[in-house]
Amino acid sequence: MDPKRKKDCHDSGESTRVASTFPDEVLERVLALVKSHKDRSSVSLVCKDWYDAERWSRTHVFIGNCYSVSPEIVVRRFPNVRSVTLKGKPRFSDFNLVPPNWGADIRCWLVVFAAKYRCLEELRLKRMTVSDESLEFLALSFPNFKALSLHSCDGFSTDGLAAIATHCKNLTELNIQENDIYDKSGCWLSCFPENFTSLEVLNFAYLNNDVNFEALERLVSRCKSLNVLKVNKNITLEQLQRLLICAPKLTELGTGSFLPELTDRQYSELKRSFSICSNLNVLSGLSEATALYLPALYPACTNLTFLNLSDAALQSEEFAKLLVHCPRLRRLWVLDTVEDKGLEAVGSNCPLLEELRVFPSDPYEEGIVHGVTESGFIAVSYGCRRLHYVLYFCRQMTNAAVETIVQNCPDFTHFRLCIMTPCQPDYRTNEPMDKAFCAVVKTCTKLRRLAVSGLLTDMTFEYIGKYAKNLETLSVAFAGSSDWGMQCVLGGCRKLRKLEIRDCPFGNAALLSGFEKYESMRSLWMSDCKVTMNGCRFLAKEMPRLNVEVMKEDGSDDSQADKVYVYRSVAGPRRDAPPFVLTL
Amino acid sequence: MESKVAYENIELNLKATELRLGLPGTHDSQEASLFGARNNNKRQLSDTSKECGSKGSASDAQHADDHETPPPAKTQIVGWPPVRSYRKNNLQPKKSEAEASGIYVKVSMDGAPYLRKIDLRIYKGYPELLKALENIFKFTIGEYSERDGYKGSEYAPTYEDKDGDWMLVGDVPWDMFMTSCKRLRIMKGSEARGLGGGV
């Protein structure tokens, strides 16, 4: 037990008799086994003893909005944390709706952690700003540091990665996923010392520069526990084959370029290397893959549960042939180049499928693209009855199709449909898409996340408010008819935590109808709606525990609140807000 | 507010002439407010530049014309469709690059004074390639058979592959040939016969 901890025995007299008969050690031991942070929150509310035991035994803390709490408050409450997950910017920043230099800088957190969490081992960041100096500070401040995961972050360059590679002697995970960084060179990889062997996860798939291949090969050879390797597009097939020989125990592989440039002999060797990889559960990469070399993969696909083809523009034929070899697939990400025919093959070959994401290969219609339609989605729903997570980008949809789909798959927990032209009606009946989403919320009682699109009236939102009792996240764009729509959602969706809205006719009445609700939510985002500055000021005044932030666009009307971000916080208003963020 | 009134006038006029598949008179109120909402949206721009279209009522009114009917797909709206920027950058250029760059290989013919260069990508298969070679060098290639190579002429088309070996053209599938061929050589006479060609 931590010697610094003082327990005041008299306190326990006030709590229930049951709690006070447990020695602290036992309680802490038991609570240490509780992993889910939601459960831990519940535990902490039982009584003071349990609150204390929980805070001392907490080793991982998840902070969904970095501005909802301050680093000082976190370290004071949880003294023994080893692993931190932090999320920063609002999700719409992924789509350029948040100006640069908005904030969410990791720096102030690292400074506090360096003082109080000397034993910090893991840091997982999403949508945070991270500078090279911060990365170097991280590398030098935490001698036991093991895992770094950066997802959709910005502000650093490969120099920062070099600092991590150089100084983190116990690193097990380096996961650089989809970040907006300054990719200066691939030298960072060569910074891992020659005696460094602890790496288990390495993902640099989204970096663009060449790394030194010999250094990579040596690194992979000496890290005997490596089980996740995702390389970037500059790694050729021939090089990949050499890496596979060094690491046959991989469970997750992201290939480099799959351009068919091998000799016959090399191709045979590649096939053989893949046939040794019998432990692969996850496969990604495959950029520039063509029908020619995909067969080399077949022997490695038997145990695949997650296939990510979102970087490979496959056509329906070669995709269908590949799927035949992936009977155990549970998660599939694919580009719409496979078209409806490809999705029919999914329905036929993947009965265990639980998650499907279909991304648009040509979102701005710069070429001639067919993509997928409602038929593909229907075909999948007939064949994959266990489907519960879908993200589907398409250019046409009908109400009837969605009704059929949810009838076939009533267990949806995540339903994200993006009809790519805003306000597009059912192309067959020309009606709004209201009936589709009504069917979704009525049938899928377990629904936790919903993204709507197409031409929608308030009716959709009435139904969401009435039926979507488990809904936690809702994304709305170019939809609704009046304030009533948003009011229904705020009034009806008891478990709502995140609401993000853009370009909808919801104004002050809608915004203010939820003002008590926002304290039970993580955040609300409204951009280009009809909310005014006065409405926001009123909200800020009535609800002092909410941060109401407005960003205005150049040249807009003074009274309009162009972008509104409302979130609960125990840390008070931001102290690092840039000039374009107005805290009301 | 000026612009809003101008808006609604324009909106009503266009609605009267709008072609729809639905029954006339249905969905009027819904669409009115929807169009209203969209017209307030300063984000619909004819190009991605933030300057254009976001200032002033005049430009809003002009844009109203463009956006009354179901929005044209080509209009670039900021952050729509909601795909991450890394995904946008990685896809399109790749495809057109692949199409644009040819696979140029040198072709030599025994006895010819200089070499030629051809782009393998423009041929759909062996017959087109061989025909092109015949045209360029003014000779005839014999008939291909797996067993005997090219019979009926003293020439045999060969190529150097990635391993550095000289192979007879036609043995492997066309796609595989295209990616493994480094250069072509049309062999003549006794050498050609050695590969199985010749009279």
Side-chain angles (χ1 to χ4, degrees), chain A residues 92 94-97 152 178-180 206 259-266 287-288 290-292 310-311 313 335 359-367 393 395 418 420-425 429-432 455 457-458 475 477-482 502-505 528-530 553-556, chain B residues 1 20-23 26-27 29-38 40-44 48 50-51 54-56 67 70-92 94-98 161-165 167 172-173 175-176 178-180:
Chain A
F92 277 179
D94 285 350
F95 317 125
N96 300 329
L97 290 184
S152 305
E178 299 172 36
N179 299 285
D180 183 11
Y206 294 100
L259 257 183
E261 284 174 328
L262 300 180
T263 67
D264 298 345
R265 188 169 29 88
Q266 287 172 327
S287 66
E288 291 161 313
T290 64
L292 198 57
S310 56
D311 286 317
L335 280 177
F359 295 99
S361 56
D362 186 10
Y364 307 110
E365 292 183 27
E366 280 149 359
F393 283 86
R395 290 199 163 85
C418 181
M420 285 191 272
T421 306
C423 305
Q424 186 169 299
T429 64
N430 225 40
E431 289 174 338
L455 182 67
T457 72
D458 281 345
S475 309
F478 304 102
S481 334
S482 71
R502 61 165 294 180
D503 296 278
C504 295
D528 293 289
C529 296
K530 285 180 167 180
E553 270 155 54
D554 294 332
S556 78
Chain B
M1 294 300 110
R20 290 190 297 169
L21 293 177
L23 292 172
T26 53
H27 311 301
S29 54
Q30 295 151 351
E31 279 181 340
S33 37
L34 273 158
F35 285 131
R38 286 193 298 112
N40 276 340
N41 167 25
K42 301 179 188 85
R43 301 202 140 270
Q44 285 178 337
T48 46
K50 280 203 163 196
E51 312 304 301
S54 62
K55 302 192 218 290
H67 303 307
K74 300 289 177 196
T75 311
Q76 294 268 19
I77 300 172
V78 175
W80 190 266
V83 283
R84 299 236 190 105
S85 34
Y86 85 93
R87 207 174 271 292
K88 287 180 269 173
N89 294 337
N90 286 354
L91 293 165
Q92 282 311 97
K94 213 105 269 176
K95 276 208 110 62
S96 41
E97 258 173 48
D161 77 354
K162 291 196 168 173
D163 289 332
D165 299 320
M167 317 286 295
V172 301
D175 282 338
M176 200 173 273
M178 264 217 297
T179 56
S180 52

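The sequence lines fix the lettering, A, B, ..., with proteins before strands; numbering per chain opens at 1.
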* **Nearest-0.5 Å distance that lies between atom CD in Q266(A) and atom OG in S180(B)** =>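 Here the interatomic distance stands at 10.5 Å.
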* Atom pair OG1 (T263(A)) and CG (D163(B)), whose distance is rounded to the nearest 0.5 Å ->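 Rounded to the nearest 0.5 Å, the OG1-CG separation comes to 4.0 Å.
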* Asked: Does W80(B) use its side chain to pair, donor to acceptor, with the backbone of T421(A) at less than 3.5 Å?
  ->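 Not at all, since once roles are kept as given, no pair shorter than 3.5 Å links the two residues.
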* Determine whether D94(A) and R84(B) make a side-chain contact, defined as any pair of heavy atoms from C-beta on separated by less than 4.5 Å. =>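 With C-beta onward as the side chain, the pair touches.
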* Would you say I77(B) and F95(A) make side-chain contact, with heavy atoms under 4.5 Å? ->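 A side-chain contact under 4.5 Å is absent here.
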Atom group of [X] that falls short of 4.5 Å from chain B, counting heavy atoms:
| X | result |
| --- | --- |
| F393(A) | side chain |
| T290(A) | neither |
| D264(A) | side chain |

* Side chain / backbone / both / neither for D161(B) at chain A, heavy atoms under 4.5 Å ->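 The answer is neither part of D161(B).
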* To do: Go through the atoms of M176(B) and report whether side chain, backbone, both or neither lie under 4.5 Å from a heavy atom of chain A.
  =>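 M176(B) touches chain A through backbone and side-chain heavy atoms alike.
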